[in-house]
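This report concerns only the one structure given below.
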There are 2 protein chains.
Amino acid sequence: MNKFYEIYLDLEKAILNQTYHAGTLLPSENDLAKVYHVSRETIRKALVLLLENGYIQKKQGKGSIVLNVNRFDFPVSGLTSFKELHDSQNLKSETIVTKNCIEKISKKLANHLKISQETEIIYVERQRKFNQEVVILDKDYLLTSIIPELPAEAAQNSIYDYIEHTLGLTISFAQKEITVDPATKKDHELMDLNGDTHVVVVRSDVYLEDTTLFQHTESRHRLDRFRFVEFARRRSPM
Amino acid sequence: MNKFYEIYLDLEKAILNQTYHAGTLLPSENDLAKVYHVSRETIRKALVLLLENGYIQKKQGKGSIVLNVNRFDFPVSGLTSFKELHDSQNLKSETIVTKNCIEKISKKLANHLKISQETEIIYVERQRKFNQEVVILDKDYLLTSIIPELPAEAAQNSIYDYIEHTLGLTISFAQKEITVDPATKKDHELMDLNGDTHVVVVRSDVYLEDTTLFQHTESRHRLDRFRFVEFARRRSPM
DNA sequence: GAGTGGTCTAGACCACTTG
DNA sequence: AAGTGGTCTAGACCACTCT
């Protein structure tokens, strides 16, 4: 394991522990370098991680200020799937797979992804239930050239888990888009919309480590059950 | 100016230029170090920026692959304001300031921000028009302890510009939240909702460099005019 | 085996903050 | 003036990819 990542985890724990209180300063980079017996650049790499994750704020000439971290506000950002998200929240949920079949890609999607209309895909459709209500409808399109088949069990549990652990592929990055679209007939059939006329739609194009596209996802959320939280740093105009 | 940032801009330009084509490899870090007459670590800092901004994908033992950058998809992420966003898109827009006054903070907001109910704030309310229609309603709450007053001109143009350039303060980070809320009476009065029952609400708590909170923002968008795009990297579970 | 990126070091100089 | 973070260096060793 990396030194800088271990140091990051250690400092993160200390901040969550309140060993370092919000509003106070972390020990200086030189001090931390001595404590952990590493060079200052290694400490700095750990601090960059704390910075990016909203744990600290750095100020030249002063130090690293510990921020008030509100860990109830989990970021949906950064490519996390439904399953991982709600497992971490200990919410009671249920998944119903309504479709898991191989078919030819639709014209529209082929155009969007800029790939051949002859492309073969696995189409997976899943209802997500909370408190007996279907509040999310997930549609996944997987390229069979990369994922030849999807066992029922994988669809029921986590597709990402299957891809990463069973197939040994590395998911790397995604382009995401959030919009609010009019609810379709299918939305009304498969979701408990309570008369809502719209749904929040999160679309993602997901890529592997070698930059090949392997999945498109459409996650349709009932309005009152959608929430997106983000920690954002101002782009320094420089 | 930093060396690594200049190199980043140079490489960014070259990628947008298609001097480096999507799918091909950048020169190796050692080669780039020779070309720019800097150390390899400096090159690596520039490449981290390219990586974070979705321009390249790195692979150990192989190189840095240039990605297919879709620059039509501007990210709303990363703390950019209405004015900056739409100026960059060359959209015709109009801003109408409907309120700009000093008042005591509301109980609800004081609780949310965990500050005193006696806090004095500037409340600014603005309609944002596109094609003669009000599609966004912005509400800004500025702490008078940090921003004592807001000239009408600043409210009309950019509050951030006034804060950063006139007052010389440095905006640093924000906690953002996106939800879809039922439209209020005020929404119906001040926006052209065309019968919509809901609006997208983007709430932000904004902080200065020294970690003091100075602003809360509520930006209410008509459903069909809202779009959020993000380039997301998978958290390496490690 | 040669070349790539990933990590780490020990030291240097600078810009900024604070006493 | 002393201490802080910001940048940069030259070199080292490792893990990985490709041929």
Side-chain angles (χ1 to χ4, degrees), chain A residues 1-11 20 23-52 55-67 168-170 172-173 208-212 233-234 236-238, chain B residues 1-11 20 23-52 55-67 168-170 172-173 208-212 233-234 236-238:
Chain A
M1 176 77 86
N2 301 334
K3 288 188 186 180
F4 74 87
Y5 192 68
E6 295 227 331
I7 293 169
Y8 161 69
L9 291 178
D10 201 56
L11 292 173
Y20 299 120
T24 64
L25 295 175
L26 286 186
S28 76
E29 294 179 351
N30 282 315
D31 287 352
L32 288 172
K34 280 174 203 153
V35 170
Y36 286 102
H37 302 292
V38 296
S39 73
R40 194 179 140 219
E41 285 286 9
T42 300
I43 292 296
R44 284 178 57 75
K45 281 181 191 165
L47 295 186
V48 164
L49 291 179
L50 291 174
L51 193 75
E52 285 174 351
Y55 287 108
I56 63 169
Q57 171 70 6
K58 303 183 85 176
K59 189 75 193 291
Q60 189 173 109
K62 197 163 181 200
S64 299
I65 307 168
V66 179
L67 296 183
L169 299 172
T170 306
S172 184
F173 60 91
L208 295 176
E209 207 178 10
D210 63 358
T211 78
T212 56
R233 280 189 184 279
R234 176 113 169 126
S236 48
M238 290 202 172
Chain B
M1 176 77 86
N2 301 335
K3 286 189 187 179
F4 75 87
Y5 192 68
E6 294 225 332
I7 293 168
Y8 161 68
L9 290 179
D10 201 54
L11 292 174
Y20 298 120
T24 64
L25 295 174
L26 286 185
S28 75
E29 296 179 351
N30 282 314
D31 287 352
L32 288 172
K34 279 173 205 154
V35 170
Y36 286 102
H37 302 290
V38 296
S39 73
R40 196 180 137 216
E41 285 284 11
T42 300
I43 292 294
R44 284 177 58 74
K45 281 182 190 164
L47 295 187
V48 163
L49 292 179
L50 291 174
L51 192 75
E52 285 173 350
Y55 287 109
I56 63 170
Q57 172 70 7
K58 303 182 85 175
K59 190 74 192 293
Q60 191 174 107
K62 196 164 180 199
S64 299
I65 307 167
V66 179
L67 296 183
L169 299 172
T170 305
S172 184
F173 60 92
L208 296 176
E209 206 177 12
D210 62 358
T211 77
T212 56
R233 278 187 187 280
R234 177 116 169 122
S236 47
M238 290 202 173

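Lettering follows sequence order; numbering is per chain, from 1.
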In this structure, how many angstroms lie between the [atom2] atom of [N] and the [atom1] atom of [X], rounded?
X     : N      : atom1 : atom2 : answer
A:E6  : C:dC8  : CD    : C1'   : 14 Å
A:N2  : C:dG5  : CG    : P     : 18 Å
A:H37 : C:dT9  : NE2   : P     : 12 Å
B:D31 : C:dG5  : CG    : C1'   : 13 Å
A:K58 : D:dT7  : NZ    : P     : 9 Å
B:I43 : C:dT4  : CD1   : C1'   : 15 Å
A:F4  : C:dG6  : CZ    : P     : 10 Å
A:I65 : C:dC16 : CD1   : C1'   : 14 Å

* Structure fact -> With B for base contact, S for sugar-phosphate-only contact and - for none (protein heavy atoms under 4.0 Å), nucleotides 10-19 of chain D reads B-B--BBSS-

Set of side chain to side chain contact (heavy atoms under 4.5 Å, CB included) partners for [X], sequence neighbours left out:
X     : result
A:K58 : A:E29, A:R44, A:L47, A:L51, A:I56, A:S64
B:S28 : B:N30, B:D31
B:E52 : A:E52, B:V48, B:L49
A:L25 : A:I65

* Under the side chain to side chain contact (heavy atoms under 4.5 Å, CB included) criterion, do B:Y20 and B:Y55 qualify, and how do the steps go? -> CA-CA 11 Å; B:Y20 298 120; B:Y55 287 109; over 6 Å; no

Does [N] have OP1 or OP2 sitting under 4.0 Å from an N or O in the side chain of [X]?
X     : N     : result
A:R44 : D:dG6 : yes
B:S28 : C:dT4 : yes
A:S64 : D:dT4 : no

* Nearest heavy-atom neighbours spanning A:F173 and B:L67 -> CZ-CD1, 3.6 Å

* When you measure from the side chain of A:K3, which nucleotide among D:dT4, C:dC8, D:dT7 comes out closest? ->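 Per side-chain heavy atoms of A:K3, the pick is C:dC8.
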
* For B:Y36, all residues meeting side chain to side chain donor-acceptor pair (under 3.5 Å), sequence neighbours excluded -> B:D10

